[in-house]
Amino acid sequence: MVTLKYFASLKSIAGKEQERLDLGNETTVQKLSETLAKTAPQIGEMIQGKKIIVSVNQDVATLDTVIHDGDEVAFLPPFSGGSQ
Amino acid sequence: MSTVMESKVRIQREDFSVTDEIEAIKKSSANIGGIVVFLGTGRELSKGENITKLNFEHYPKMAEKKLEELRVKAIDDYKIIDMSIIHRIGEIDIGENIVLIVAAGEHRKEAFAACEWAIAELKRTTPIWKRETTSKGEVWVQDTP
């Protein structure tokens with residue numbers, strides 16, 4: 001099982017903060033985005049269009065990054081910490 | 001009154017004391033000759049709208065990791081002696097402290113440069129998000145000017 005986490009504005013778009021998906025032993029961010037596009041088209045589109053950052057086990061990932069069973073994948077909208 | 005913790009990188013709900021943090025970094029080395037501080041605070045006006053409340057959320061573990069990477073890089077690249085970075089999360093009122101960066105160097109020049117780089121890099125690379133509440137409702141801020 002892979003844990004998916006949604007942050008900030010993505011929580012309301014996904015309608016959840018977290019979910020667990022069985023993606024087999026090994027997949028990629030690209031394949032995960034295709035899977036998500038079926039149930040959450042907006043999220044899938046944002047990953048493909050690089051509108052959001054995807055991290056795997058707290059490291060910034062690319063579409064080619066491999067996801068293993070037990071990994072934590074997070075979807076991160078543009079950051080806005082600090083102050084202006 | 002907040003207490004100064006051992007860690008040089010912290011994400012916390014409670015407020016911090018700028019004075020305490022400066023005193024703490026002074027203990028890093030007797031060679032410190034210049035300390036530059038950036039303090040970010042909650043501003044009332046944003047894009048013409050009056051903000052009543054701010055709320056910060058972070059990705060635990062990843063945000064701390066990014067801040068530590070940033071601190072190490074600042075020390076290495078700018079040849080400063082030490083740096084501490086503190087960011088608050090949760091609900092923050094107008095005028096309250098949000099973020100503190102303390103850069104300590106032998107001389108002021110590298111401390112100024114490191115501090116300016118660090119706040120820009122924090123905004124670019126650290127998974128922290130701001131939600132503003134105005135009379136029109138709540139909105140997640142997604143641009144980092």
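Each chain gets a letter, A, B and so on, in the order its sequence line appears, and its residues count up from 1. Note: hydrogens, waters and symmetry copies are ignored here, and every other heavy atom, side chains too, is used.
Atom CD of E49(B) sits in a crowded spot, with more than 12 heavy atoms from other residues, nucleotides or ligands closer than 6.0 Å. Within a 6.0 Å sphere centred on CG of N25(A), other residues, nucleotides and ligands contribute 12 heavy atoms or fewer. Environment of NZ in K73(B): sparse, with no more than 12 heavy atoms of neighbouring residues, nucleotides or ligands closer than 6.0 Å.
If you measure heavy-atom distances from Y59(B) to chain A, the contacts under 4.5 Å come from both the backbone and the side chain. Heavy atoms closer than 4.5 Å to chain B are found nowhere in K51(A), neither backbone nor side chain.
Hydrophobic clustering, with ILVMFWY side chains joined whenever heavy atoms are under 4.5 angstrom apart, groups I81(B) together with L100(B). There is a path of hydrophobic side-chain contacts, each under 4.5 Å, that joins L39(B) to I35(B). No continuous path of ILVMFWY side-chain contacts below 4.5 Å connects V54(A) to M62(B), so the two sit in separate hydrophobic clusters. Two different hydrophobic clusters hold F56(B) and Y6(A) under the rule that ILVMFWY side chains link at heavy-atom gaps under 4.5 Å.
Taking CG from L10(A) and CH2 from W140(B), the interatomic distance works out to 10.0 Å, rounded to the nearest 0.5 Å. One finds the OG1 atom of T125(B) at 7.5 Å from the CZ atom of F79(A) (value rounded to the nearest 0.5 Å). Atoms NZ and OG, from K66(B) and S55(A) in turn, are 9.0 Å apart once rounded to the nearest 0.5 Å.
For K123(B) (side chain) and G81(A) (main-chain N/O), a donor-acceptor pair under 3.5 Å exists by modelled atom type. No donor-acceptor pair under 3.5 Å is formed between the side chain of S80(A) and the backbone N or O of W129(B).
Per-residue heavy-atom pair counts under 4.5 Å with chain B were compared for D59(A), V60(A), L76(A), and the maximum is reached by L76(A).
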May I have the list of side-chain donor-acceptor pairs in residues 103-119 of chain B shorter than 3.5 Å, sequence neighbours left out?
| residue | atom | partner | partner atom | Å |
| --- | --- | --- | --- | --- |
| E110(B) | OE2 | H107(B) | N | 3.1 |

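Scanning both residues, E57(B) and F7(A), for their nearest heavy atoms gives OE2-CD2, 3.2 Å. Looking at every heavy atom in both residues, Q58(A) comes nearest to K65(B) through O-NZ, 3.5 Å.
The residues E72(A) and K61(B) are annotated as not salt-bridged, no charged nitrogen and carboxylate oxygen being separated by less than 4.0 angstrom.
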